Amino acid sequence: MGRFDGRVAVITGAARGIGFGVAQRFAQEGASVAIVDLDEAAAAEAAAKLTLGEGAKAVGIGANVGSAADVDAAISRVVDELGGIHVLMNNAGITRDNLLFKMTEDDWDLVMNVHLKGAFLLSKAAQQHFVAQKYGKIVNVSSTSALGNRGQANYSAAKMGIQGFTRTLAIELGPYGVNVNAIAPGFIATEMTDATAARLGLDVEDFRKLSAEHNPVRRVGFPEDIASAAAFLASDEASYITGQTLYVDGGATLV
Ligand code: NAI
């Protein structure tokens with residue numbers, strides 16, 4: 001018996017990184033899983049790698065989370081092909097870092113579009129199913145950068161926006177059996193942080209070591225760390241928890 005037997009989970013940006021780790025965890029715990037990512041071939045390839053429980057299915061769907069048409073088509077496909085939707089994780093994300101005076105309007109718009117508009121469109125498309133069935137779980141992905149991070153005015157604003165969005169959806173959807181929470185990861189070893197290392201001219205391992213030295217548990221995080229938190233928040237064990245942002249950062253924001 002898995003915690004997600006008979007459930008359908010949709011994870012955006014799950015062709016790799018944190019999203020893929022979360023998809024793997026939901027699959028291992030019995031869910032059918034839809035991996036939504038920009039490139040359908042990459043999404044399908046990731047879906048094919050999941051370890052599925054008996055009777056569970058996985059599908060990879062190509063969609064830009066910032067496009068309403070793509071998102072509506074994706075959610076319709078999930079419901080048609082996997083038989084419903086119970087869990088949504090808004091994980092897709094990008095960075096376009098720069099100091100304010102060098103940040104372009106495109107850098108700003110793109111980051112807002114993927115993180116904030118993407119979470120809005122997916123949540124709106126999913127909630128009609130959640131409300132009708134009086135059951136649903138939304139897990140949004142914020143970041144420790146929400147608290148402020150040099151060179152990330154766009155990303156920080158979007159990630160703090162996610163926290164306000166989470167609290168508001170929790171208020172609106174709670175009466176319909178829908179829990180809405182967020183996870184704010186600290187440094188997680190993925191291609192996103194590897195790209196940051198490259199941008200700073202640092203070796204990936206040195207960058208990870210440097211980050212590990214700056215938190216109390218003295219290690220970087222991995223997608224599995226976020227997957228554990230996501231599985232808990234999306235499970236019925238967390239049904240009295242809503243509107244919260246859980247920092248999963250090795251204590252980095254304490255010091
Ligand atoms: P990643 O770059 O490894 O993966 C992001 C995925 O999102 C990629 O597969 C990409 O194709 C997809 N994606 C990007 N734009 C999209 C769009 N418009 N539509 C659909 N899919 C799209 O990044 P990572 O590290 O796995 O990050 C996942 C989430 O966690 C992001 O929201 C990120 O901001 C957040 N996060 C990551 C941290 C880290 O240290 N890696 C720390 C805090 C938050």
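Heavy atoms only: backbone and side chains are in, while hydrogens, waters and symmetry mates are out. Computed from a predicted model, the values in this text were never measured in an experiment.
- Without hydrogens or angle criteria, Q244 side chain to T242 main chain gives a donor-acceptor distance under 3.5 Å.
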Run the side-chain contact (heavy atoms from CB on, under 4.5 Å) check on K137 and M89 step by step: do they pass? CA-CA 8 Å; K137 307 284 180 190; M89 177 134 171; over 6 Å; no
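- V10 places none of its side-chain heavy atoms less than 4.5 Å from the side chain of V87.
- Checked by atom type and distance alone, the side chain of E29 never pairs as donor or acceptor with a backbone atom of D5 at under 3.5 Å.
- Inter-residue side-chain proximity for F26 and R3 is flagged as unmet; no heavy-atom pair is nearer than 4.5 Å.
- Separating the CD1 atom in I241 from the CG atom in N179 is a distance of 8.5 Å, to the nearest 0.5 Å.
- Without hydrogens or angle criteria, N113 side chain to K117 main chain gives no donor-acceptor distance under 3.5 Å.
- Each of T193, V220, T196 was scored for a side-chain contact (heavy atoms from CB on, under 4.5 Å) with S211, with one residue passing: V220.
- With hydrogens and angles disregarded, a donor-acceptor distance shorter than 3.5 Å links the side chain of K57 to the backbone of E81.
- In terms of hydrophobic clustering, with Ile, Leu, Val, Met, Phe, Trp and Tyr side chains grouped at heavy-atom distances under 4.5 Å, F4 and I85 are assigned to different clusters.
- Listed for the D72 side chain is no donor-acceptor partner under 3.5 Å among the backbone atoms of A69.
- Here the straight-line distance linking atom CG of D194 with atom CZ of R199 works out to 13.0 Å at 0.5 Å rounding.
- Taken to the nearest 0.5 Å, the CD atom of Q128 stands 11.0 Å off from the CD atom of Q133.
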Could you please spell out the steps behind the side-chain contact (heavy atoms from CB on, under 4.5 Å) verdict for N154 and M103? CA-CA 8 Å; N154 49 2; M103 188 173 284; 3.4 Å; yes
For T144 and F187, what are the C-alpha separation, side-chain angles and deciding distance, and is it a side-chain contact (heavy atoms from CB on, under 4.5 Å)? CA-CA 8 Å; T144 51; F187 188 108; over 6 Å; no
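- You'll find the ring centres of Y176 and Y135 outside the 6.0 Å limit.
- Between A23 and I11, the shortest heavy-atom distance links the atoms CA-CD1, 3.6 Å.
- Atoms CZ and OG, on F165 and S123 in that order, are 4.0 Å from each other to the nearest 0.5 Å.
- V180 places a side-chain heavy atom less than 4.5 Å from the side chain of V178.
- With hydrogens and angles ignored, the 3.5 Å screen pairs a side-chain donor or acceptor of K159 with a backbone N or O of V141.
- Remark: L99 CG is packed, more than 12 non-hydrogen atoms of other residues, nucleotides or ligands lying under 6.0 Å away.
- Ionic pairing of K102 and D107 is not present here: no N-O contact between side-chain nitrogen and carboxylate oxygen is shorter than 4.0 angstrom.
- One hydrophobic cluster, built from ILVMFWY side chains closer than 4.5 Å, cannot hold both L122 and M112; they sit in different ones.
- Put simply, the side chain of P185 does not reach to within 4.5 Å of the side chain of D249, judged on heavy atoms.
- Clustering ILVMFWY residues whenever any of their side-chain heavy atoms sit less than 4.5 angstrom apart, transitively, puts L88 in the very cluster that holds F120.
- The side-chain tip of K49 points at the ring of F20 from less than 6.0 angstrom away and within 45° of straight on.
- E224 has no carboxylate O lying under 4.0 Å from a charged side-chain N of R25, or vice versa, which leaves the two without a salt bridge.
- Taking both residues in full, the closest heavy atoms of A197 and F207 are given as CB-CD2, 3.4 Å, listed atom of the first, atom of the second, then distance.
- T245 and N181 form no side-chain donor-acceptor contact under 3.5 Å, judged by distance and modelled atom types alone.
- In this structure, the side chains of V139 and N90 stay at 4.5 Å or more apart for every pair of heavy atoms.
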Are L50 and Q28 close enough, and set up right, to give a side-chain contact (heavy atoms from CB on, under 4.5 Å), and what steps lead you there? CA-CA 8 Å; L50 298 176; Q28 282 163 354; over 6 Å; no
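- The ring of H115 has its center closer than 6.0 angstrom to the ring center of Y155.
- Checked by atom type and distance alone, the side chain of N64 never pairs as donor or acceptor with a backbone atom of L38 at under 3.5 Å.
- Judged by distance alone, with hydrogens and angles left aside, the side-chain atoms of D225 form a donor-acceptor pair with the main-chain N or O of F222 at under 3.5 Å.
- Nearest heavy atom pair, residue Q152 against residue S145, reads OE1-OG, 2.8 Å.
- L121 and V114 fall within a single hydrophobic cluster, where Ile, Leu, Val, Met, Phe, Trp and Tyr are joined by side-chain heavy atoms under 4.5 Å apart, directly or via other members.
- In this structure, the side chains of D37 and T12 stay at 4.5 Å or more apart for every pair of heavy atoms.
- Judged purely by atom type and a 3.5 angstrom limit, N215 uses its side chain to pair as donor or acceptor with the backbone of R219.
- Remark: L202 CG to R208 CZ distance equals 12.5 Å, nearest 0.5 Å.
- Residues I188 and P223 are in side-chain contact: their nearest non-hydrogen atoms beyond the backbone lie under 4.5 Å apart.
- Within the model, atoms OG of S143 and CD1 of I183 stand 12.0 Å from one another, a figure rounded to the nearest 0.5 Å.
- In terms of hydrophobic clustering, with Ile, Leu, Val, Met, Phe, Trp and Tyr side chains grouped at heavy-atom distances under 4.5 Å, V131 and I75 are assigned to a common cluster.
- I138 approaches N140 most closely through the heavy-atom pair CG2-OD1, 3.6 Å.
- Here the closest non-hydrogen pair linking R77 and V59 is NH2-CG2, 3.8 Å.
- Here the side chains of I61 and I35 are not in contact, with every heavy-atom distance at 4.5 Å or above.
- Within a 6.0 Å sphere centred on CD of E213, other residues, nucleotides and ligands contribute more than 12 heavy atoms.
- The two atoms that bring A56 and S32 nearest to each other are CA-OG, 3.5 Å, heavy atoms only.
- The closest donor-acceptor contact from the side chain of T95 to the backbone of D97 lies at 3.5 Å or more, if one exists at all.
- For the 3.5 Å distance criterion, the side chains of D236 and S239 fail to qualify, holding no donor opposite an acceptor.
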